[in-house]
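What follows is a short report on a single structure.
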Amino acid sequence: MACLPPKPNPTELRLPIWAEQYRIEDYRNVHCRLYARCIDAAVREDWEGFTCQKCALFRRDEAPHAASHAFDQPADNGRP
């Protein structure tokens, strides 16, 4: 039996998020592979805001770390 792909699971957030008071990372995982689908769902529902806190992927898809990209850059042999 094949595993079903994860589904977006945004939850409406009725509190305003102000940059001075809250960090967006406390409410959303902007690095999630489904983040764009959650934005689409929130727009369709006409929500003022949403949170990812109840989603199973909230802590799973983390921000990329430098180590994962350090060797992905092409070599520049023209520089001394």
Side-chain angles (χ1 to χ4, degrees):
M1 177 180 251
C3 292
L4 296 175
K7 293 182 179 181
N9 188 26
T11 304
E12 184 175 14
L13 182 64
R14 296 180 185 173
L15 298 174
I17 299 177
W18 300 103
E20 300 85 32
Q21 297 176 352
Y22 303 103
R23 294 177 342 134
I24 193 70
E25 294 85 8
D26 294 336
Y27 294 94
R28 296 184 188 171
N29 181 355
V30 297
H31 301 287
C32 179
R33 60 194 135 159
L34 300 179
Y35 188 70
R37 291 172 60 188
C38 291
I39 290 175
D40 291 342
V43 169
R44 276 193 308 276
E45 296 293 327
D46 197 28
W47 292 344
E48 291 288 325
F50 73 94
T51 180
C52 305
Q53 290 179 327
K54 294 182 180 179
C55 182
L57 298 175
F58 182 49
R59 299 280 181 221
R60 186 179 300 170
D61 289 342
E62 296 180 351
H65 300 285
S68 65
H69 297 286
F71 299 105
D72 289 345
Q73 301 300 317
D76 186 355
N77 294 329
R79 290 188 160 176

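Below, all heavy atoms of this structure are taken into account, side chains as well, without hydrogens, waters or symmetry copies. Residue numbers start at 1 and run along the sequence shown. Only a predicted model underlies this, so the values are computations on that prediction, with no experimental measurement involved.
For residues 34-43, the set of pairs meeting the side-chain hydrogen bond (donor to acceptor under 3.5 Å, both in side chains) definition, not counting sequence neighbours, comprises R28-Y35.
The two residues N29 and F58 make their nearest non-hydrogen contact at ND2-O, 3.0 Å. Contact between Q53 and D26 at its shortest, heavy atoms only, is NE2-O, 2.9 Å. Of all heavy-atom pairs spanning W47 and P10, the tightest one is CH2-O, 3.7 Å.
Separation of atoms OG1 (T51) and CG (N9) is listed at 10.0 Å; rounding is to 0.5 Å.
Scored by the salt bridge (charged side-chain N to carboxylate O under 4.0 Å, His left out) test, E12 finds R14 as partners (sequence neighbours excluded). D46 is linked by a side chain to side chain donor-acceptor pair (under 3.5 Å) to nothing, counting only residues two or more places apart in sequence or in another chain.
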Item checked: Derivation of the side-chain contact (heavy atoms from CB on, under 4.5 Å) call for E25 and V30 -> CA-CA 7 Å; E25 294 85 8; V30 297; 5.7 Å; no
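C52 places none of its side-chain heavy atoms less than 4.5 Å from the side chain of Y27.
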